[in-house]
Amino acid sequence: MIPDASQENELEIADLLDRALYKGVVIAGEATISLAGVDLIYVGLQLVVASADTIRKASEKEQDTMEVH
Amino acid sequence: MPLHIYGIIDASQLRGDIPQGHEGDPVKTLFVEGLSVVISSSTSALSAVSVEPVLHHEKIMKTLMQHHTVLPMRFGMVCEPDNLIALVKKRLAAIRENLQELSGKREMALRISIANPVKPQTKTMNASVSGERGSGKDYLMKRIEEDQNHRQIRKKLKEIQSVIDVAAARFIWLNTSELTEPFKASCLVDLNQIGAFLTTVKSLEDHNLQISCTGPWAPYSFVSPQAALGAINE
């Protein structure tokens, strides 16, 4: 199936966000927005942005660790 | 006052018409040991709830790449000036090596979807998949089918990589450990070879395999951990 122009645009944005957003920092989010299937969490003065998926995984890992101890 | 970092270039000054930074703040350079860190003073865009600043970040990166080899930093990298200079000095060798590797290259993004290679074997198995209560045998059959699928998918992904590897300087998977589709990969491709790369990718497609390709992007995925400046002051 050939994607239409808006689908292509969304795909491009999603691919860019996958790459341009930092993925290795655990933070607490203040607001969540969604674009092209990617949830973004922006943190006010922490100056760090990560995809919601990254934060969810980090949070799950943290909970697992807490359960073990 | 913290600085917003866009990337590091292998030159003493910026060439070309660089767009303004976030909030109209000028994009400047901080000269460190023969390299220039591209920065702007405004960090206010990082607290806004919008995708626009990320798109703007990439726009600046694309302009920089027209004239320089760029070690791109992900959006949101912020550092105090003194710490930034110390960090670049500390990582100088790794940064130079990484800049050399990225020279004349861009990142291409791939999303790969593979049709389910193994068809369901029995009627009862379909019932158990749809939520009806199944026997232990059904459960084991389903697990065997899943294992077969995973093996086939991993085999297919290896085949895809071996073909694309020839057309790219480097190839990395971003999410194959969980085997969830679409499988995402990044390729580092010589700027002069992008046409050939796209032809290679297209040649792999068939009715069981779909590949979407976007780019060229700044090579964010190929910045080595030793050369990356990190998100927060070290």
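Reminder, nothing fancy here: chain letters follow the sequence lines and each chain counts from 1.
- What you find for S221(B) and R19(A) is that their closest heavy atoms are OG-CG, 3.7 Å.
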Indicate every side-chain donor-acceptor pair of residues 159-172 of chain B with a distance under 3.5 Å to a residue at least two apart or in another chain.
from, atom 1, to, atom 2, distance (Å)
Q161(B), OE1, W173(B), NE1, 2.9
S162(B), OG, E159(B), O, 2.7
R170(B), NH1, E101(B), OE2, 2.9

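- Closest non-hydrogen pair, R74(B) versus D18(A), comes out as NH1-O, 4.3 Å.
- Here the closest heavy-atom approach between residue V54(B) and residue L16(A) is recorded as O-CD2, 4.3 Å.
- In this structure, CG on D15(A) lies 9.5 Å from CD on E107(B), to the nearest 0.5 angstrom.
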